[in-house]
There are 2 protein chains.
Amino acid sequence: MSVGIRHDDLRRRNRAMVIAAVRRAGRPSRTEIAATTGLSHSTISAISSDLIGEGILAEGKPSEAGSLKRGRPQVGLGLNPEAAAVMTVVLSLNFLSVAVIDYAGQVISEEQRRLDTLTMSREALIGECVAIVRRRLEDPDIDVRSVARIALAIQGITDTEARAMLWSPITPQTDIAFADILEAEFGIPATMENDCNMMAVALRWRDPERYRDDFIAILLSHGIGMGLVLKGELFTGTHSSGGEFGHMIHRPGGALCRCGRRGCVEAYAGNYAIWRNARQLSEDTEPVADVSDAQMRALAATARERDGPEREAYRKAGEALGYGLGSLFALIDPAPVAMVGVSAAAFDLIEPALREAIAQTAGGHHSKSISFDTEPNELPLIREGCAMRALTFVDQEIFAPGVQGKSGVAGKNVA
Amino acid sequence: MSVGIRHDDLRRRNRAMVIAAVRRAGRPSRTEIAATTGLSHSTISAISSDLIGEGILAEGKPSEAGSLKRGRPQVGLGLNPEAAAVMTVVLSLNFLSVAVIDYAGQVISEEQRRLDTLTMSREALIGECVAIVRRRLEDPDIDVRSVARIALAIQGITDTEARAMLWSPITPQTDIAFADILEAEFGIPATMENDCNMMAVALRWRDPERYRDDFIAILLSHGIGMGLVLKGELFTGTHSSGGEFGHMIHRPGGALCRCGRRGCVEAYAGNYAIWRNARQLSEDTEPVADVSDAQMRALAATARERDGPEREAYRKAGEALGYGLGSLFALIDPAPVAMVGVSAAAFDLIEPALREAIAQTAGGHHSKSISFDTEPNELPLIREGCAMRALTFVDQEIFAPGVQGKSGVAGKNVA
DNA sequence: CAGTGTTTTTTCGAGGCTCGAAAAAATAGA
DNA sequence: TCTATTTTTTCGAGCCTCGAAAAAACACTG
């Protein structure tokens with residue numbers, strides 16, 4: 001049951017508010033912070049003085065064009081890059097990518113590595129992750145003690161607590177508690193996030209104008225994933241990361257999906273499905289393990305060139321996505337959509353059938369007003385999302401720690 | 001943008017917390033309130049002394065079996081019934097039902113009325129609502145000034161701000177801002193809620209054990225509706241009440257739905273759809289306006305008796321509901337389900353096909369563990385939900401008034 | 001029936017926090 | 001150098017919550 005507010009919570013929450021305002025605004029002055037938070041100047045002054053004393057914020061130049069005005073110039077407050085660091089680990093098909101990021105958001109060390117995730121044993125997979133993290137922590141440029149958080153992202157399903165990967169298409173292994181494993185190994189708090197959720201987080205930081213309170217990020221890749229933000233909050237399931245848009249049912253008993261079931265949206269719109277249809281293979285054909293981005297681009301080129309099975313395959317993908325979105329919109333109402341991934345580059349081939357399908361659904365009232373945006377490259381987005389997620393954690397849990405220690409994690413690494 | 005916490009917000013929120021604790025627990029002692037809210041005894045003492053002084057709470061007998069214990073007996077705190085009153089207005093097919101409820105939740109005046117909603121003009125519909133409310137307010141038992149809130153519920157789609165009915169199956173009229181109309185007429189704050197959302201609210205109060213943080217209420221009636229509670233909050237769309245489960249797409253291009261589109265879940269599972277299939281009419285047959293509860297019960301009886309088109313009709317309904325739930329579970333993960341309405345009484349006919357369909361979907365991992373409960377009578381639930389919603393509003397906005405509640409507890413959809 | 005033990009509730013500073021007003025600081029223009 | 005202007009800090013006032021101790025209200029005991 002929700003709990004009363006203690007007196008000391010007040011300071012904690014307002015500290016968090018100030019840090020958040022600085023992270024959003026870049027180098028705001030105290031006056032600007034007072035304006036955006038609604039707190040009085042005196043309070044902002046007191047809190048920021050504390051934060052500077054603790055080395056979390058640092059005074060800097062006035063924010064750009066401040067020198068034009070008349071009175072005492074504003075002095076900008078920025079995040080102190082050395083206050084802490086975080087680490088991102090992105091695990092995708094045959095690829096592992098790690099980065100260390102300072103408190104202000106700059107990458108200070110990184111490493112990428114090809115793996116054969118589909119055939120690796122459980123131990124090897126975990127081992128590679130642990131090893132790559134260890135190597136980054138041993139980087140002489142990095143002060144290990146400053147690393148306050150590790151955020152992992154993986155394609156697939158994670159649990160609501162962000163502790164474990166439950167299932168992933170990139171490996172036959174299931175239920176690996178990556179967060180617990182890394183925490184135990186390095187003593188650094190860690191979380192295990194869903195890749196599409198991190199895409200959504202990144203979009204929100206990149207373009208807060210367009211992606212703010214309600215929007216949808218859809219990954220069009222080998223599989224179909226979704227990250228959903230509703231009322232300004234990341235949407236998750238009751239037990240898992242949820243939002244498995246790709247496995248909503250498009251046609252009961254229909255095409256064979258990679259998940260073993262039939263008729264999922266993904267079984268029509270995933271790369272393997274488009275490839276299968278373009279080859280005019282039966283819908284019962286076992287999905288292939290991987291289709292390269294180059295192959296997909298070639299397919300799209302052919303589809304653009306001439307009317308044929310390739311074009312039809314993209315049409316079917318559009319139809320499945322459209323009906324799926326229609327069902328989703330019946331639940332949440334329409335919202336801006338970002339299409340991410342290789343097939344987002346072929347969105348021109350997908351869009352007509354998609355819009356036509358949406359128009360057949362309840363969400364289709366205003367189908368013309370639904371806007372789509374495309375971003376072919378998912379990896380940078382996922383990394384950025386992880387970084388922001390980890391940094392936000394540091395902002396909130398470490399630099400504005402609360403009384404209610406629901407996490408033994410919280411107080412550990414105070415920098 | 002979320003806003004800093006002022007010092008006076010603190011008292012406000014803790015007041016609200018105390019009132020909420022009393023409403024939930026019945027007649028808790030100060031000590032019990034301190035325990036559930038986590039606030040200190042001194043604080044609870046101060047706040048409850050204020051509230052009693054303002055006539056919001058009243059001291060009563062110790063909570064039941066309190067006389068067994070040793071020391072100073074607990075003195076129970078209860079809601080003062082005379083502190084305020086609220087009104088509920090439930091508008092359903094051919095039926096209008098109004099009640100006045102005191103602050104402690106007891107009905108003190110009510111009236112019900114048959115109408116021909118399907119053929120009434122806009123003015124007549126609005127007029128009837130205004131008139132019935134006026135009659136109740138003129139009831140000599142009622143002190144008009146004490147009526148602090150009116151909550152309306154209607155089958156159909158309402159806007160997120162809870163001001164207007166946007167579309168409803170019970171009338172051809174659209175976009176009636178009932179909340180604004182009643183507010184203007186009587187000067188009492190009003191809201192316009194979706195009926196299924198109110199069902200969910202009521203379930204949460206009735207059985208908090210089973211229906212707490214995550215659950216689904218599905219109305220199986222002429223149409224199919226849903227109320228969804230996720231993470232303890234009522235789920236709504238970005239622009240409308242949302243959660244239009246009945247209009248998720250079951251079969252693209254399939255059976256004709258009342259909404260004019262094709263293949264919606266409702267076009268297989270709504271009363272008119274079951275009736276249509278039981279009569280072996282084509283899926284293109286225009287949906288009938290209404291099927292009486294008696295007719296539906298007769299249909300169910302026949303289906304139980306012998307294998308035939310009636311039984312097949314229920315099977316198809318189960319299949320549509322199952323695949324629909326499967327798609328929903330792909331997004332939110334499985335959760336307890338309450339089936340409400342006439343056809344919930346025929347759930348035995350629906351369940352087998354429903355479970356079979358769910359097992360074919362992503363949510364079907366644990367299809368056996370998904371639990372269903374049935375409640376044939378929706379009206380009392382809707383009324384109860386409206387009452388609690390209105391009372392909660394009074395608790396929060398009137399008896400714990402704050403600055404601008406946009407960021408805080410105030411505007412939230414706490415079910 | 002008075003005394004004792006037990007539990008609930010109230011009382012009373014102490015310590016924090018935010019706020020508004022006023023003061024101090026830092027600059028551009030005259 | 002002086003003045004106007006804007007930002008930032010300082011300071012006392014007013015609340016709020018908390019812990020400890022006191023007061024209250026009973027049950028039990030001999």
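Each chain gets a letter, A, B and so on, in the order its sequence line appears, and its residues count up from 1.
- Dashed line: the shortest gap from a side-chain N or O of S45(B) to OP1 or OP2 of dT11(C) is not under 4.0 Å.
- Atom CE in M17(A) sits about 17 Å away from atom P in dC17(C), given to the nearest Å.
- At least one donor-acceptor pair closer than 3.5 Å links the side chain of R6(A) to the backbone N or O of G38(B).
- Taking atom CZ of residue R12(B) and atom C1' of nucleotide dT18(C), one finds them 16 Å apart after rounding to whole Å.
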> For every nucleotide of nucleotides 12-19 of chain D, 5' to 3': is a protein heavy atom under 4.0 Å from its base (B), only from its sugar-phosphate (S), or from neither (-)?
Replying inline: --BBBSBB
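- If you check the side chains of T236(A) and K231(B), you find a donor sitting under 3.5 Å from an acceptor.
- For the salt bridge (Lys or Arg N to Asp or Glu O under 4.0 Å) condition, no pair includes a residue of residues 37-46 of chain A, sequence neighbours left out.
- Counted by atom type alone, T43(B) and S40(B) present one or more donor-acceptor pairs between their side chains at under 3.5 Å.
- Under the 6.0 Å cut-off for aromatic ring centres, F399(B) and F393(B) do not qualify, their centroids lying 6.0 Å or more apart.
- Atom CG of residue D102(A) and atom CG of residue D141(A) lie 12.0 Å apart, to the nearest 0.5 angstrom.
- Residue R70(B) places none of its side-chain N or O atoms closer than 4.0 Å to OP1 or OP2 of dA25(D).
- Between the CD atom of Q74(A) and the P atom of dT9(D) there is a distance of 12 Å, rounded to whole Å.
- Evaluation of atom-type donor-acceptor distances gives a pair under 3.5 Å for the side chain of R72(B) against the base of dT8(C).
- As rounded to whole Å, 12 Å separates atom C1' of dT7(D) from atom CG of L77(A).
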